[in-house]
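Below: one structure, written as structure tokens.
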Amino acid sequence: MAQTARIVGKVEYREGDGPNIAIRPGPVEVTQGLNDVTLSWVDEETHGVAAMPLADFKRYVAEGQIRLDA
């Protein structure tokens, strides 16, 4: 089940062994799995998707970098 949230601080993800990539501030859709979370967003005509471990997502929420919508 998807939930909406807002990126309000520095949130990064990593694709494979590559460098950290920042997710731009703004609204995202959050889909939580057993061990990870998928964030998706749209910037004009560009659609972005990022997966991160559930522990990282919970840390970002606890630190206030991601705000979950009610």
Side-chain angles (χ1 to χ4, degrees):
M1 179 173 211
Q3 178 179 10
T4 57
R6 180 167 289 277
I7 305 294
V8 295
K10 185 177 181 181
V11 176
E12 299 177 322
Y13 70 101
R14 182 182 307 251
E15 290 183 358
D17 292 331
N20 286 340
I21 301 169
I23 300 174
R24 57 83 184 118
V28 294
E29 184 174 282
V30 178
T31 305
Q32 184 173 326
L34 292 175
N35 299 314
D36 61 6
V37 173
T38 302
L39 305 175
S40 60
W41 62 93
V42 176
D43 276 330
E44 297 176 12
E45 296 181 15
T46 304
H47 180 79
V49 177
M52 68 175 59
L54 182 57
D56 290 352
F57 175 77
K58 288 182 176 183
R59 178 177 50 84
Y60 283 125
V61 171
E63 292 174 352
Q65 307 298 336
I66 297 175
R67 290 191 190 144
L68 300 175
D69 294 340

pair P19-R14: side-chain heavy atoms closer than 4.5 Å: no
Side chain to side chain, D36 and P53, heavy atoms closer than 4.5 Å: no
Donor-acceptor pairs under 3.5 Å, side chain of residues 60-70 to any protein atom, not counting sequence neighbours: which ones?
from : atom 1 : to  : atom 2 : distance (Å)
Y60  : OH     : E12 : N      : 3.1
Y60  : OH     : E12 : O      : 3.2
Q65  : OE1    : K10 : N      : 3.0
D69  : OD2    : T4  : OG1    : 2.8

Between OH on residue Y13 and CG on residue L39, distance to nearest 0.5 Å: 9.5 Å
Residue N20 excluded, over 12 heavy atoms near CG under 6.0 Å: yes
Side chain to side chain, F57 and V30, heavy atoms closer than 4.5 Å: yes
Same cluster (ILVMFWY, side-chain, under 4.5 Å), I21 and M52: yes
Joint hydrophobic cluster, L54 plus I7, side-chain heavy atoms closer than 4.5 Å: yes
Euclidean distance, E15 CD relative to D17 CG, rounded to 0.5 Å: 11.5 Å
Residue pair R24 / W41, side-chain heavy-atom distance below 4.5 Å: yes
Heavy-atom check, side chain of I23 versus side chain of V11, under 4.5 Å: yes
